[in-house]
Amino acid sequence: MTRGGCRRRAVWYASFALYAAGVALFSGPGLDHWWGAWAAGGYALAAIIELTMPARAWASWLAIAASLAGALAAPACWLLTREPTPPDVAVVARAGALLLHHGSPYLPAGALSAGGWLAYNPYLPVMALFGLPGALGLPGKTWPWLITATFLLLYATFRVTHAPASAPTSGSEGRPGDALGRAAFWLACPVMAYPLTMGITDPPVIALICLTLALLARAGRAGPAGHKPAARALPRDAVLAALVLGVACAMKYTAWPALAIIAVMVAARYGARPAIRFTAVALATAAGLVAALAPAALRHPASILLNTVAYPLGLTSAKSPAQSPLPGHLLAALGSGGHLAALVLLAAAGLATAASLVIAPPATPPAAARRIAIGLTALFMLSPATRFGYFIYPIALYAWAVLASRLAQVEAEVERRPLTSGKDDFYGEPASRSGTGGEGRAVGVGDGADNRQAEPVSFAVADPLGTELPERLEQVLHLA
């Protein structure tokens, strides 16, 4: 752990604290201000810990614990005892009960008009799984299951993202402490903690999309640069990525733009036939899950369309409470003409995104993540029913893209670039094994006369957020 790293994390926590304080002060009389009040204290305490204990190996873990307690555990437990229940929690909990007793998470079409906007369920059937434990009598409503699923998916994402480039398909993965610390930090940051506290269902969908991209990134490191598998062949990790993305597509429609963009990336990377196979696996997974979990819903397609298509587009008598003052909603508020204009602009944005995929298809998972972020930003800006909270999708996806690009660049430099000490050439190579406890990914050091065979030497320190490879590289250069 370095003092510079502690200071950077302290700045992050202080920024989170300012954001939470703004939510507490300016969010109005709703339930959101409770999150801001709790989270501001947790983030401020985390920043103080990072600044005052930079030499303690466990300080970062203590800071993460403080931020998780203040920004997630405490406000979620507080809201669990409050009334009214947040609307997202109420909708998913009811969907779970309907799924358990009737085989469909949706109310019949005839019951929707009399129930107001809360009668509608805009989510796809797999989302109702988060309401099943409560329907079975377990405590906590949807909160424990949303939080647990999001954390486990984030942990899996970072284990895969940090997988060594030397053996990406052998089941080897990065240091568990790195992945655990990053997953905990992401769970504690406002992008995840705020919506999870309010029972909003987007974080697990985001985590599934990021895991899909991480698996595809690891699949791309399986062979030499520019290598393409034989026709009709997909790497094992790419097939697994299709399965993961299929689960996301069976939860919420916001994952569908990701499927289209990722399929184009797979085509650019492996060819048309593997891309068709990837898409078919993802769609078959989504369809199979829907058919298995909600068979009764398939017998009433009109109810599915009313809940998941007409209602989010503002085509029902009940209007969504998602009414942030973004261009799409402002246009829709002008009347039927404005609503039509918003839908036309939304369709135009979709066509522009499709055209960009034809003209300049993304070739890597980080590029695909950035393209998904741009496409979803346009979707949220122009949708008639929208809210600022939806922008956690582009924020999270872009953050993962930055991390993945940085790690890929550093690993490539460590593997290929000779390190010179002034007299002899030294070569840094990523170690083929990952350590445990306080040891992590090693940097190998050797001279050029030894056929670039380096003996792994680890300079890692036990740090839940991981010591960046450039810092370790500087240590190698200094010792050389």
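Nearest heavy atoms, L146 versus G199: CD1-O, 3.6 Å. Between A17 and A44, the shortest heavy-atom contact is CB-N, 3.9 Å. Of all non-hydrogen atoms in L112 and N307, the two that sit nearest each other are CD1-ND2, 3.7 Å. In terms of heavy-atom proximity, P190 sits nearest to Y43 at N-OH, 3.3 Å.
In this structure, the side chain of T316 engages the main chain of A318 through a donor-acceptor pair within 3.5 Å. Checking side-chain atoms of H339 against main-chain N and O of H329 turns up no donor-acceptor pair under 3.5 Å. Using modelled atom types, one side-chain atom of S67 and one backbone atom of I64 make a donor-acceptor pair closer than 3.5 Å. In terms of modelled atom types and a separation under 3.5 Å, the side chain of S383 and the main chain of L379 share no donor-acceptor contact. Between the R269 side chain and the A363 main chain, a donor and an acceptor come within less than 3.5 Å of each other. A donor-acceptor pair under 3.5 Å links the side-chain atoms of R94 to the main chain of L118, judged by distance alone. In terms of modelled atom types and a separation under 3.5 Å, the side chain of S303 and the main chain of L107 share a donor-acceptor contact. Side-chain atoms of T197 do not come within 3.5 Å of backbone N or O of W35 as any donor-acceptor pair. Of the possible polar contacts, one joining the T81 side chain to the W78 backbone as a donor-acceptor pair under 3.5 Å is found.
Within the structure, every pair that satisfies the side chain to side chain donor-acceptor pair (under 3.5 Å) test and touches residues 347-362, not counting sequence neighbours, is listed here: S356-R371.
Contact annotation: the side chain of V191 never approaches that of Y393 to less than 4.5 Å [non-hydrogen atoms, C-beta and beyond]. Contact of the L343 side chain with the P384 side chain is registered, since non-hydrogen atoms from C-beta on lie closer than 4.5 Å. The side-chain heavy atoms of V91 and W117, taken from C-beta on, include no pair separated by under 4.5 Å. At least one side-chain heavy atom of L397 sits under 4.5 Å from a side-chain heavy atom of C210. Here the side chains of V239 and F278 are not in contact, with every heavy-atom distance at 4.5 Å or above. Residues C77 and W143 form no side-chain contact, since every pair of their non-hydrogen atoms from C-beta on lies 4.5 Å or further apart. Using a 4.5 Å cut-off on side-chain heavy atoms (C-beta onward), V290 and L124 make no contact. Annotation: side chain of L187 is in contact with side chain of L196 (closest heavy-atom distance under 4.5 Å).
The ring of Y13 has its center closer than 6.0 angstrom to the ring center of F185. W186 has its ring centre less than 6.0 Å from the ring centre of F158. Taking the ring centroids of F130 and W145, they lie at or beyond the 6.0 Å cut-off.
The residues K141 and D88 are annotated as not salt-bridged, no charged nitrogen and carboxylate oxygen being separated by less than 4.0 angstrom.
If you run side chain to side chain contact (heavy atoms under 4.5 Å, CB included) between M192 and each of L72, I147, I392, I206, only I206 comes through.
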Could you please spell out the steps behind the side-chain hydrogen bond (donor to acceptor under 3.5 Å, both in side chains) verdict for Y194 and D32?
CA-CA 8 Å; Y194 187 7; D32 297 33; 2.6 Å; yes
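Crowding of Y253 atom OH: a count of heavy atoms from other residues, nucleotides or ligands under 6.0 Å exceeding 12.
In this model, no donor atom of one side chain and acceptor atom of the other lie less than 3.5 Å apart for D202 and Y390.
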